[in-house]
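Notes for the one structure printed next.
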Amino acid sequence: MMTLKYDVIVIGGGHAGCEAAVASARMGAQTCLVTMDMNKIAQMSCNPAVGGIAKGQIIRELDALGGEMGRVTDATAIQFRMLNRGKGPAVWSPRAQCDREKFIWKWRETLDHTDGLDIWQDQADELLVEDGCAVGVKTIWGVELRAKCVVVTAGTFLNGLLHVGRCMVPGGRIAEPAVPHFTESLTRWGIRTERMKTGTPVRIDKRSVDFSLLEEQPGEQDFHKFSYMGEARPLPQLPCWLLNTNARVHEILRSGLDDSPLYNGQIQSIGPRYCPSIETKLVTFPDREQHPLFLEPEGVDTNEMYLNGFSSSMPIEVQVNALREIPALRNIKVYRPGYAIEYDFFDPTQLLHTLESKVVNGLFLAGQVNGTTGYEEAAGQGLVAGINAALKAGATGAEAYTTFTLARDEAYIGVLIDDLVTKGVDEPYRMFTSRAEYRILLRQDDADARLTERAYELGLASRERYDWWMQKKAEIAKIIDFCENTPVKPRDINSALEALGTTPLQFGCKVADLIARPQLSIAALSEIIPSLKEVISSPENRREEIAEAAEIKIKYKGYIEREKLVADKMHRLENIRIKGRFNYNELQEISTEGRQKLHRIDPETLAQASRIPGVSPSDINVLLVLLGR
């Protein structure tokens, strides 16, 4: 038998696997990425888009930490938008449509140019465990890959089953085989598994669409992008298109519900609440006369288009006949129908915050195998798992760290992982800004301020990335210092203020006081305060990004400081470690549900215990008393 030896093996070449493999290799661990198809690295199985509400923040955090998804997205974006512009900057969220094929090859190029990273095209068949430790995997071709740590990022492939109407075909994605047996090689060691379901829409030939009957949705052309590094969007920018279902569409879909896998008993597992199929929308909202759809391009060199909002597993003829009742789609041709997929995942409460298994030492799990949905959530987990696998395997260059975790006030990735390991999942987990209690601290504009210096200490962020941030940090400080210390007099500015729709000054004030007004922006004020324009004009290639970051810090200073105080108070509970200090089954002073949940999850800290559903504030007070606090 052929045997290959590494420090870290990553199973699965999706978004989690790619980030895990690059992070591990860059930290000095000899790493092997095992994937079934090297030509489908980082395949965008569903929507060819990155980002969105809270998801965009995750990608900026990945970039700040030295991950690659932001740079790959910018290089392959064909439309960019900043969502939630009408709200405060705490919830601004970048989103980009990408060229699906170019996205794959840009990621492949990144992997191919990462030192210390090998790719092995094969299928993992069995996890190898010795003395309670993961030591490698055996593949279907009889190869043994040995390592100090194994990261499993298998997506939807574990015992995957595809559904279109009453037809069922084993598969991890359409036209790709499922992975049997591998789940069982984990569960035999005591790891719990369950089933989930997700789905994707029909793909349409754009030559068969009447675009004159659709509403165009153009992208934005300003300075915003995903990565703090590099140039933005070299590809042609393409529009998306808006349309709606109608009563006739709904009538045809309802006629096919008896053959819908979701409603005939064929699918038993739970699907994503916040990305429901079109048939679920009809059943859940029976009085709605129409539902919005978005027709989105798949790339600059293809006729394939993605129909966002029409995820379905109905029979093929029902999907196509229903869509032909939409005037713009009356003559549509489709490349393939929408389908649903059921797959295995593992209860994430079996993991530490490092994403290492509590059951099998040296085994890390990341992505959809932990019950999440979305490329961004997967990539965030992959990066953290890859970092910790490299650290555990003895990677050099990060002597200050034995493990790497992110707090809830430090990153959306920290919120994501804490939610998974503390609360578990009963449906595919999707990140939202509402899941984070410190949204004003976790903005998309300041991920580099929160994370880049830590990533540089870790050996993950490059010197170039670190220097890029330090320059930006100094420029932001310079702008804020200028604004907080530069006076303006009423006679010099009042007429301009009235023209901008804001109250004139009665007395002199500082520039920062004007920026704090909702009606005013730093860009508008720079046109009437020449010295401000001069201070925000450098460096030329990043002036808008830096000015925006400074403006947000000035405008929301009070909110930011208040939220930091709240976060600091919670850190006191985070510092009270309770793991191994109690036999919860013997604590009659706390509620039965609290005992059961605490015993099952065995939290690391008192703060984590307080976030477990079913553990009450009175239970936490009892633990504090027992600790002598």
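Below, all heavy atoms of this structure are taken into account, side chains as well, without hydrogens, waters or symmetry copies.
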Could you check whether atom NZ of K5 has more than 12 heavy atoms from other residues, nucleotides or ligands sitting under 6.0 Å from it? no

Can you find a heavy atom in the side chain of V384 that is under 4.5 Å from one in the side chain of T354? no

Please report the interatomic distance CD(E304) to CD(E298), rounded to the nearest 0.5 Å. 4.0 Å

Are side-chain heavy atoms of L65 and T452 found at a separation under 4.5 Å? no

Taking T280's backbone N and O only, do any of them form a donor-acceptor pair with T284's side chain (distance below 3.5 Å, no angle check)? yes

Between A461 and Y456, which heavy-atom pair has the shortest distance, and what is it? O-CD1, 3.5 Å

Can you find a heavy atom in the side chain of T372 that is under 4.5 Å from one in the side chain of Y429? yes

Nearest 0.5 Å, please: how far is CD1 in I11 from CG in L363? 10.0 Å

Are any of the side-chain nitrogens in R95 or E296 under 4.0 Å away from the carboxylate oxygens of its partner? yes

Looking at CD1 of I58 and CD of E376, how far apart are the two atoms once the value is rounded to the nearest 0.5 Å? 7.0 Å

Looking at CE of M431 and CG of L416, how far apart are the two atoms once the value is rounded to the nearest 0.5 Å? 4.5 Å

Shortest non-hydrogen contact between T373 and K55, atoms and distance: O-NZ, 3.7 Å

Is it true that Q608 and T422 share a donor-acceptor pair across their side chains at a distance under 3.5 Å? yes

Side chain to side chain, R336 and I316, heavy atoms closer than 4.5 Å: no

State whether a side-chain donor-acceptor pair under 3.5 Å links E604 with H353. no

Quick one: does any side-chain atom of R60 pair with a main-chain N or O of Q444 as donor and acceptor, under 3.5 Å? yes

Passes salt bridge (Lys or Arg N to Asp or Glu O under 4.0 Å), K423 versus D418? Steps please. CA-CA 8 Å; K423 302 175 182 178; D418 185 63; over 6 Å; no

Please say whether the positively charged group of R435, taken as NZ for Lys or CZ for Arg, lies over the ring of Y412, i.e. under 6.0 angstrom from the six-membered ring centre and within 45 degrees of the axis. no

D63: which of K225, R71, R450, R465 passes salt bridge (Lys or Arg N to Asp or Glu O under 4.0 Å): R465

Between the side chain of T139 and the main-chain N/O of V143, is any donor-acceptor distance below 3.5 Å? yes

Given 3.5 Å as the limit, does a donor-acceptor pair link the side chain of K148 with the main chain of A390, or not? no

Do L598 and P603 come within less than 4.5 Å of each other through their side chains, counting heavy atoms only? yes

Do the side-chain N and O atoms of T349 and R600 include a donor-acceptor pair separated by under 3.5 angstrom? yes

Value rounded to 0.5 Å, distance of CG in N308 from CG in L293: 8.5 Å

Just checking F226 against F80, ring centres under 6.0 Å apart? yes

Quick one: do K106 and E109 make a salt bridge, cutoff under 4.0 Å? yes

Apply side chain to side chain contact (heavy atoms under 4.5 Å, CB included) to V137 and V150, showing your working. CA-CA 8 Å; V137 294; V150 177; 4.2 Å; yes

Salt-bridge test for D419 and R408: reply yes if a basic N is under 4.0 Å from a carboxylate O, no otherwise. yes

Is the backbone of E126 close enough, under 3.5 Å, to the side chain of S185 for a donor and an acceptor to pair up by distance? no

After noting the C-alpha distance and the side-chain angles of S357 and Q350, does the key distance pass the side-chain hydrogen bond (donor to acceptor under 3.5 Å, both in side chains) rule? CA-CA 6 Å; S357 170; Q350 302 170 102; over 6 Å; no

Tightest non-hydrogen contact, residues A340 and I267, listed as CB-CD1, 3.9 Å

Approximate separation, where rounding is to 0.5 Å, of L451 CG and L458 CG: 11.0 Å

Do V360 and I191 have side-chain heavy atoms sitting under 4.5 Å apart? yes

Test item: side-chain donor near acceptor, Q57 and S93, under 3.5 Å: yes

Hydrogens and angles aside, do N159 and D344 bring a side-chain donor and acceptor to less than 3.5 Å of each other? yes

How far apart are the closest heavy atoms of A455 and A64, and which atoms are they? CB-O, 4.0 Å

Could you pull out the closest heavy-atom pair between T73 and C98, with the gap in Å? CG2-SG, 3.7 Å

Partners meeting side-chain contact (heavy atoms from CB on, under 4.5 Å) with E144 (sequence neighbours left out): M1, T3, L128, K138, R146

Is there a side-chain contact between Y339 and T200 in this structure, where contact means two heavy atoms from C-beta onward sitting under 4.5 Å apart? yes

I'd like to know whether the aromatic ring centres of Y274 and F432 sit less than 6.0 Å apart in this structure. yes

Main-chain N/O of L365 paired with N370 side-chain donor or acceptor, under 3.5 Å: yes

Is the side chain of Q121 donor-acceptor paired with the backbone N or O of N39 at a distance under 3.5 Å, no angle test? no

Answer yes or no: is there a donor N or O on one side and an acceptor on the other, between the side chain of Y6 and the main chain of L117, under 3.5 Å? no

Distance-only, no hydrogens or angles: does the D259 side chain make a donor-acceptor pair with backbone N or O of P315 under 3.5 Å? no

Go through the steps for D125 and W141 under the test side chain to side chain contact (heavy atoms under 4.5 Å, CB included), then give the verdict. CA-CA 9 Å; D125 194 51; W141 295 112; over 6 Å; no

Determine whether a donor-acceptor pair (N or O, by modelled atom type, separation under 3.5 Å) exists between the side chain of D99 and the backbone of G299. no

Flag if over 12 foreign heavy atoms under 6.0 Å of CZ, R273: no

Evaluation steps, side chain to side chain contact (heavy atoms under 4.5 Å, CB included), between V202 and Y335: CA-CA 8 Å; V202 62; Y335 290 106; over 6 Å; no

Could you walk me through whether S269 and E342 pass the side-chain hydrogen bond (donor to acceptor under 3.5 Å, both in side chains) test, one step at a time? CA-CA 7 Å; S269 48; E342 289 185 286; 2.7 Å; yes

Let me check something: any side-chain donor-acceptor pairs from residues 15-26 under 3.5 Å, sequence neighbours excluded? List them with distances.
residue : atom : partner : partner atom : Å
H15     : NE2  : Q43     : O            : 3.1
E19     : OE1  : E68     : N            : 3.2
E19     : OE2  : E68     : N            : 3.2
E19     : OE2  : M69     : N            : 2.8
S24     : OG   : T31     : OG1          : 2.7
R26     : NH1  : G66     : O            : 3.3
R26     : NH1  : E68     : OE2          : 2.9
R26     : NH2  : E68     : OE2          : 3.0

Does the distance from a Lys or Arg side-chain N to an Asp or Glu carboxylate O, for R439 and D409, drop under 4.0 Å? no

All heavy atoms of L186 vs all of F346, minimum pair found to be CD2-CZ, 3.7 Å

Salt bridge check, K40 against E176: does any charged N sit closer than 4.0 Å to a carboxylate O? yes

D118 versus L33: any side-chain heavy-atom pair under 4.5 Å? no

R203 charged N/C atom sitting above Y306 aromatic ring, 6.0 Å / 45°: no

